Engineer: 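Shown below is the structure under consideration.
Remember, predicted model here, so these are calculated numbers, not experimental data. Values reported hereafter were calculated over all heavy atoms of this structure, with side chains retained and with hydrogens, waters and symmetry mates removed.
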Amino acid sequence: MGRAKNAVKKQQSFISVPTQIINPLSSSSIQSLLLSPKKFSSSSSCNNSKRVSKFVKSPKLWFSWLFLMGFLGMLKLYLNLAPLTPFLTYPCAQSQPQMEITPPFMHNNGGLISMSPIDDDSESEESMGFWKQPDGLGYKPCLQFSQEYKAQTPAIVGERTKYLMVVVSGGMNQQRNQIVDAVVIARILGAALVVPVLQVNVVWGDQSEFSDIFDLEHFKRVLADDVKVVSSLPSTHLRTRPVEESQTPLHASPQWIRQHYHGRLRKTGVLLLRSLDARLSKDLPSDLQKLRCKVAFHALKFAPRILELGNKIAERMSNKGPYVALHLRMEKDVWVRTGCSPGLSPEFDDVINSERRKRPKLLTARSNMTAHERRLAGLCPLNALEVARLLKALGAPKSARIYWAGGQPLGGKDALLPLTTEFPHFYNKEDLALRGELEPFANRASFMAAIDYIVCEKSDVFMASHGGNMGHAIQGHRAYAGHKKFITPNKRHMLPYFMDPSIPEAEFNSIVRELHKESLGQPEFRTSKPRRDVTKYPVPECMCNATDKHSSA
């Protein structure tokens, strides 16, 4: 606690240097001192009264004393100042040049933004608990395929007559999910997979191809023992008109896939599938679930230049210790689609309601519920104030460095003020990138999403304010990496307490911690609830521990 208090004093001294030197020596104080020698002498012994009177009347002695006091004050403040540059390996080394300090959200003319001083309260017991990782119970990746699966592999990877083409849509993380299922469907049909086509996104206009986002050669190499992946159709099939199917039902089983597609594929040689999102069942045989994990966690590696920049930005966040990554779902389209209110002002509520009336098909939530009812049911994204209160209640120190991913929130920077006020060390990729680093990725939403994915996945603590494809993908990735801390906001149960201002802060924090003690990324069995995605919950199909009968995998 002593160190925490000292840290606060250090931060204050940085702000109040002028007042600490000038205020005690203001003109009114000097005049009072000169005109009231009796009052001055009353604070010392009577024997010194003559000496003091002589001292005050002597300008030379007076200004010498004034200079000495000012010098000592400045020296004390200088020695007490906290380090100002967090990216320095040795923050106390005077030989290291200090970076220009730029407030959060200020892009330093394309240069690397400096972070603010870090308070010593990060070493308190409560904050150390915030960074503590969950108990992974010994679960590790375990992708041992059955002998039957292996026996079928030679014929499938040697396939030269049947080809599956797929067109995947949506944002980058939605496309990832569809690519995973495309590989599994190719395996089910015993067909070669043509590299998936990424449909141009109608919202962002991103025209990226598979090899722009992912490492194609790595993708082929990792899946060499599962399916044959080709860059394009061979010359023997170029003139073949593929059978196109876009009506695959939701949660189709492998039996349905074989029954409806195998005959047509064998007849024409080429099958084209669109709109694969959630079309393949989440409950598959064990080998196909393992294949899903193999694609998601091993084969889908980002392209080298994306990986390089993402790793650089993650390193800039981590080189001074742990950091939190947030995926904030506060964009205008999210508020419109969820049917929720952003809680900013009546003007912004009118903007959202007007957009819903103009484009009713965008509303994906249940239309028979009001925005308030949806919020209480836990169906809305958390706003900045709720995120800040949740992190604080869970023990996040004020000095915590936070990386935020996602699009610009409705309301701009003002919408994030509750977060930046409570946690001033708040940055995104634009803040951390050097001049020109992001220019090659301009107007490429998938590139930007991939960079966010890398930095979030490497964080010490991750939290999404409202699920979504990215949040689900990172949850599974962190679980597969050893159950790194992942906070799942218990919105439905905690929001009534958020709305009760009469609860003391200590009691509120205790309640919130109790509600989340089992929601911090601990191992959770996919099979405990129906239709869970194995790439989000990789236990037990893709991970095992020493107590599992198949732990030898």
Side-chain angles (χ1 to χ4, degrees), residues 86-87 104-105 107-108 110-113 115 170-177 179-180 198 201 204 206 208-219 222 295-329 401-408 425-464 468-482 484-486 535:
F87 286 131
F105 288 103
H107 194 274
N108 192 16
L112 182 61
I113 192 169
M115 293 186 181
M172 189 275 294
N173 290 289
Q174 192 174 0
Q175 290 173 342
R176 281 175 63 99
N177 295 338
I179 293 169
V180 170
L198 310 187
N201 192 288
W204 300 290
D206 192 333
S208 301
E209 297 181 358
F210 185 98
S211 57
D212 294 327
I213 309 299
F214 304 105
D215 188 330
L216 177 56
E217 294 308 313
H218 176 84
F219 184 76
V222 170
V295 180
F297 306 135
H298 296 279
L300 281 174
K301 179 183 177 183
F302 289 117
R305 62 174 182 161
I306 293 178
L307 200 59
E308 180 182 9
L309 181 54
N311 287 336
K312 283 181 180 179
I313 293 178
E315 184 179 357
R316 290 166 194 167
M317 283 298 300
S318 66
N319 65 0
K320 289 298 293 181
Y323 69 94
V324 188
L326 300 177
H327 185 212
L328 299 178
R329 307 296 307 283
R401 291 186 304 284
I402 295 180
Y403 179 89
W404 70 280
Q408 287 298 319
H425 314 294
F426 195 77
Y427 311 93
N428 64 6
K429 54 186 172 292
E430 284 80 10
D431 297 324
L432 297 164
L434 296 175
R435 184 190 300 276
E437 279 187 320
L438 292 178
E439 287 180 5
F441 310 105
N443 302 319
R444 294 291 185 95
S446 294
F447 283 64
M448 296 298 190
I451 292 170
D452 276 342
Y453 190 103
I454 294 168
V455 184
C456 289
E457 196 282 321
K458 289 181 174 293
S459 68
D460 299 272
V461 179
F462 176 82
M463 186 177 82
N469 289 305
M470 179 171 171
H472 294 168
I474 291 179
Q475 178 176 345
H477 212 135
R478 292 175 74 85
Y480 197 74
K484 294 164 65 178
K485 190 167 186 177
F486 182 103
T535 59

Engineer: Restricting to non-hydrogen atoms, name the atom on Gly468 and the atom on Arg329 that form the minimum distance, rounded to 0.1 Å.
Structural biologist: CA-NH1, 3.5 Å

Engineer: Does a side-chain heavy-atom distance below 4.5 Å link Leu300 with Val222?
Structural biologist: no

Engineer: Under 3.5 Å, side chain of Lys458 to main-chain N/O of Glu315, donor-acceptor pair present?
Structural biologist: no

Engineer: Do Asp215 and Leu307 make a side-chain contact, defined as non-hydrogen atoms from C-beta onward lying under 4.5 Å apart?
Structural biologist: no

Engineer: Working note: Phe447 + Ile213, criterion side chain to side chain contact (heavy atoms under 4.5 Å, CB included); need CA distance, chi angles, decisive distance, verdict.
Structural biologist: CA-CA 7 Å; Phe447 283 64; Ile213 309 299; 3.5 Å; yes

Engineer: What distance do Ile179 atom CD1 and Phe219 atom CZ have between them, rounded to the nearest 0.5 Å?
Structural biologist: 6.5 Å

Engineer: Who are the side-chain contact (heavy atoms from CB on, under 4.5 Å) partners of Ala479, not counting sequence neighbours?
Structural biologist: His483, Pro538

Engineer: List the atom of Glu437, the atom of Pro440, and the distance in Å for their closest heavy-atom pair.
Structural biologist: O-CD, 3.4 Å

Engineer: Minimum heavy-atom separation for Phe486 and Ile474, please, with both atom names.
Structural biologist: CE1-C, 4.3 Å

Engineer: Donor-acceptor check, side chain of Arg401 to backbone of Gly321, threshold 3.5 angstrom: yes or no?
Structural biologist: yes

Engineer: Return the NE2 to CZ distance between His477 and Phe462, rounded to the nearest 0.5 Å.
Structural biologist: 12.5 Å

Engineer: Main chain of Gly170, side chain of Gln175: is a donor-acceptor contact present, judged purely on distance under 3.5 Å?
Structural biologist: yes

Engineer: Do the non-hydrogen side-chain atoms of Val324 and Met463 ever get within less than 4.5 Å of each other?
Structural biologist: no

Engineer: List the steps and the verdict of salt bridge (Lys or Arg N to Asp or Glu O under 4.0 Å) for Asp452 and Lys429.
Structural biologist: CA-CA 7 Å; Asp452 276 342; Lys429 54 186 172 292; 2.9 Å; yes

Engineer: Just verifying a value: how many Å separate Gln408 CD and Glu430 CD, rounded to the nearest 0.5 Å?
Structural biologist: 7.0 Å

Engineer: Which pair of heavy atoms, one from Gly310 and one from Val455, lies closest together, and at what distance?
Structural biologist: O-CG2, 3.7 Å

Engineer: If you define the side chain from C-beta out and look only at heavy atoms, does anything of Tyr480 sit under 4.5 Å from Phe297?
Structural biologist: yes

Engineer: Hey, could you give me the OG/CD distance between Ser211 and Glu217, rounded to the nearest 0.5 Å?
Structural biologist: 9.5 Å

Engineer: Ile454 versus Leu309: any side-chain heavy-atom pair under 4.5 Å?
Structural biologist: no

Engineer: Taking the side chain from Asn311 and the backbone from Glu308, do they hold a donor-acceptor pair closer than 3.5 Å?
Structural biologist: no

Engineer: Does the side chain of Thr535 reach to within under 4.5 Å of the side chain of Arg176, using non-hydrogen atoms?
Structural biologist: no

Engineer: Is it the case that the side chain of Arg478 and the backbone of Asp460 share a donor-acceptor pair, with hydrogens and angles ignored and the cut-off at 3.5 Å?
Structural biologist: yes

Engineer: Please report the closest heavy-atom contact between Tyr453 and Ala473, naming both atoms and the distance.
Structural biologist: OH-O, 3.5 Å

Engineer: Taking all non-hydrogen atoms of both residues into account, name the closest pair between Gly471 and His327 and its distance.
Structural biologist: N-ND1, 4.3 Å

Engineer: Nearest 0.5 angstrom please: Asn428 CG to Ile451 CD1, how far?
Structural biologist: 11.5 Å

Engineer: Between Ser208 and Met172, is a side chain to side chain contact (heavy atoms under 4.5 Å, CB included) present by the stated rule, with each step listed?
Structural biologist: CA-CA 10 Å; Ser208 301; Met172 189 275 294; over 6 Å; no

Engineer: Let me confirm one number: the CD-OG distance from Glu209 to Ser446, rounded to the nearest 0.5 Å.
Structural biologist: 12.0 Å

Engineer: Quick check: do Arg316 and Tyr427 have side-chain heavy atoms less than 4.5 Å from each other?
Structural biologist: no

Engineer: Please work out which of the three classes, parallel, tilted or perpendicular, describes the rings of Phe426 and Trp404, given edges at 30° and 60°.
Structural biologist: parallel

